[in-house]
Amino acid sequence: MQIAVIGTGYVGLVTGACFAEFGNTVTCVDKDAAKIDSLIKGRVPIYEPGLDAIVQKNLKEGRLAFSTNLAEAIEKSLVVLLAVGTPDRGDGFADMSQIEEVARRIAFALNGYKVIVTKSTVPVGAAGRIKSIIDENKTSGVRFSVAANPEFLREGAAINDFLRPDRVVIGCRDEEAIAILKDLYRPLYLIETPFVITTPESAELIKYASNAFLATKVSFVNEIANLCDLLGADVKDVAKGMGMDKRIGPKFLHPGPGFGGSCFPKDARALVALAKDAGYELKIANAVIDVNEQQRELSLDRIRELVPDLNAKTIAVLGLSFKPETDDIRESPAIKIIEKLIAAGARVKAYDPASMEAAKAVLPEVQYCEDEYAAGRGADALVLITEWNQFRGLDLQRLRNEIRSPNIVDLRNVYEPHTVRSFGFKYVSMGRNRAH
Ligand code: UDX
């Protein structure tokens, strides 16, 4: 099937490459000519494990193409997937301007029946809005359908999440369009991936509600961790015991400095704004956001437990991205915690395997180091903020020799307290400080 994917960010690029992998002929479109030139040469501008290989393979085999010509891509495609940005407008609402601009351009380029699909996370009611824009602007009586098909990709695991999703959600009222989309997703149908066929509004809300619920689990376990430190319990054991209940499940019960990234914070705020606009206050989602903000400040309290006066001290930070296996620092807790450390007068050294270039643009005053031990050299504390695999087996004796004051703050509970202390370190973490 001939399809067009509009927008070559995390979602658009993964979607386009994976649909090409399924055997479709895919044109990925972006207005950023430099980005398209780079992609045509097979250079993928984002860090996403496996994406380089799948893009280059499908480019070489002629199923995947990159272009800045939106009209031409639309004219030759049966399905047009919108994967452009819907960033936070600043008041919690998603900025729909890119979606609306593409909708208008699609209206002008309609040369036959097409299925217009929203892949980006869009507010409930977006499909209806897109339909109106195309109806108002199309120059011919050509028919089209609009569908919502939200993605559930996790950064760092996006290819796997696309090729082996828990479910495919299709929101559409038009049987012909539903049949076309089922055909597009046929490779997943064949591996018994469950499909949810519903209305566009329900599909759009499934996305927001899913992200907000996952964020709720994170904020909930962060609060339980904070309580554990007051009651002398061990949050790892508490979360393990909770997660064995199949109604709860073990995932998203790891405490830390709070959730970040381009989705949870934005989507939680958008859902609250959407509900408020409809006259309903989402008390739990509001609390999830507040708890998340509080967790950044509480992370700083953990550091102050070992370094009470941060002024003129050197703090080493491991991890800058919002999670491992990505170079994405959007709403990363590490960035927010470093800003607070600098405001308190500390000098910050940092190491991250993939995100230092991105971080330099927002935190030029940080000293970026070539590895974990260089970051720890001469520091008054080492703070583990993002749990990259290579930070899980640090040579603690070597670190002990390099660091000035033997303090480790483990915001992701990667290490066992007694192991770290046996090397002469003082050690604090999240939700285990009075249990051991
Ligand atoms: C999320 C959703 O998982 C995905 O389905 C959606 O499409 C996009 O948003 P992503 O933002 O890439 O994916 O990362 P995710 O792995 O969900 O983690 C989100 C944040 O929660 C990260 O900052 C992570 O560090 C934090 N987190 C996650 C925790 O603090 N504890 C956990 O147990 C899990």
Side-chain angles (χ1 to χ4, degrees), residues 212-245 247-261 264-265 268 284-285 287-308 310 315-319 321-324 331-338 340-341 381-389 391-394 396 406-423 425-436:
F213 185 76
L214 290 167
T216 301
K217 282 190 88 172
V218 174
S219 280
F220 184 83
V221 78
N222 281 336
E223 288 220 284
I224 293 299
N226 302 340
L227 187 57
C228 283
D229 280 336
L230 297 172
L231 301 178
D234 180 325
V235 71
K236 267 195 166 181
D237 293 344
V238 172
K240 186 176 174 187
M242 287 171 65
M244 288 174 178
D245 183 321
R247 295 166 301 172
I248 298 173
K251 293 186 176 175
F252 284 69
L253 287 179
H254 305 293
F259 57 78
F264 279 14
I284 294 174
V288 167
I289 294 166
D290 292 346
V291 166
N292 199 53
E293 279 312 306
Q294 162 195 285
Q295 205 63 10
R296 316 259 197 245
E297 201 48 50
L298 193 139
S299 301
L300 211 80
D301 294 347
R302 288 284 177 280
I303 299 170
R304 283 204 170 93
E305 279 180 43
L306 299 184
V307 187
L310 286 165
I315 304 296
V317 167
L318 294 190
S321 53
F322 81 93
K323 63 182 277 196
E331 303 222 26
S332 168
I335 302 298
K336 295 173 187 279
I337 290 166
I338 288 173
K340 291 175 187 289
L341 287 169
L382 179 123
V383 187
L384 198 164
I385 302 190
T386 311
E387 67 284 23
W388 284 86
N389 283 335
F391 300 157
R392 292 180 178 279
L394 291 174
L396 293 174
N407 295 314
I408 289 184
V409 181
D410 180 359
L411 297 181
R412 296 287 183 170
N413 290 350
V414 166
Y415 288 90
E416 285 311 313
H418 63 273
T419 306
V420 179
R421 290 177 184 137
S422 70
F423 284 87
F425 286 98
K426 286 185 184 168
Y427 175 83
V428 294
S429 58
M430 307 295 272
R432 302 183 299 164
N433 292 313
R434 284 193 40 208
H436 304 280

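Quick caveat: nothing in here was measured; it's all calculated off a predicted structure.
For the atom pair D229 CG and I224 CD1, the distance stands at 12.0 Å (nearest 0.5 Å). Atom CZ in F259 sits 9.0 Å away from atom CD in E331 (nearest 0.5 Å). D301 contributes atom CG, which lies 10.0 Å from atom CD of Q295 (distance to the nearest 0.5 angstrom). Distance check, rounded to the nearest 0.5 Å: CG of D410 to CG of L394 gives 9.5 Å. Here the CG-CG distance, from L382 to L306, works out to 11.0 Å after rounding to the nearest 0.5 Å. Remark: R434 CZ to C228 SG distance equals 11.0 Å, nearest 0.5 Å.
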From CA spacing to verdict: side-chain contact (heavy atoms from CB on, under 4.5 Å), L310, R304: CA-CA 7 Å; L310 286 165; R304 283 204 170 93; 3.9 Å; yes
Audit row: N413, H254, side-chain contact (heavy atoms from CB on, under 4.5 Å) steps and yes/no: CA-CA 8 Å; N413 290 350; H254 305 293; over 6 Å; no
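For the pair K336 and E293, the salt-bridge criterion is not met [side-chain N within less than 4.0 Å of a carboxylate O]. Using a cutoff of 4.0 Å between basic side-chain nitrogens and carboxylate oxygens, R247 and D245 are scored as salt-bridged.
No more than 12 heavy-atom neighbours from other residues, nucleotides or ligands sit within 6.0 angstrom of CD1 on I284.
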Quick one: side chains of residues 212-223, donor-acceptor pairs under 3.5 Å with protein atoms, not counting sequence neighbours, listed by atom name and distance.
| from | atom 1 | to | atom 2 | distance (Å) |
| --- | --- | --- | --- | --- |
| T216 | OG1 | A212 | O | 2.6 |
| K217 | NZ | I248 | O | 2.8 |
| K217 | NZ | G249 | O | 3.4 |
| K217 | NZ | K251 | O | 2.7 |
| S219 | OG | V288 | O | 3.0 |
| N222 | OD1 | G256 | N | 2.8 |
| N222 | ND2 | V218 | O | 3.4 |

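When I337, L341, I335 are each tested for a side-chain contact (heavy atoms from CB on, under 4.5 Å) with V317, only one passes: L341.
Judged by distance alone, the side chains of Y415 and R421 never bring a donor and an acceptor atom under 3.5 Å apart.
Inter-residue side-chain proximity for I385 and L318 is flagged as unmet; no heavy-atom pair is nearer than 4.5 Å. Within the 4.5 Å cutoff, the side chain of L396 has heavy atoms near those of the F425 side chain.
Residues satisfying the side-chain hydrogen bond (donor to acceptor under 3.5 Å, both in side chains) test with E297, not counting sequence neighbours, are K340. Every residue two or more places apart in sequence or in another chain that forms a side-chain hydrogen bond (donor to acceptor under 3.5 Å, both in side chains) with E305 is listed here: R302.
The minimum heavy-atom distance between M430 and V235, with the atom names listed, is O-CG1, 3.2 Å.
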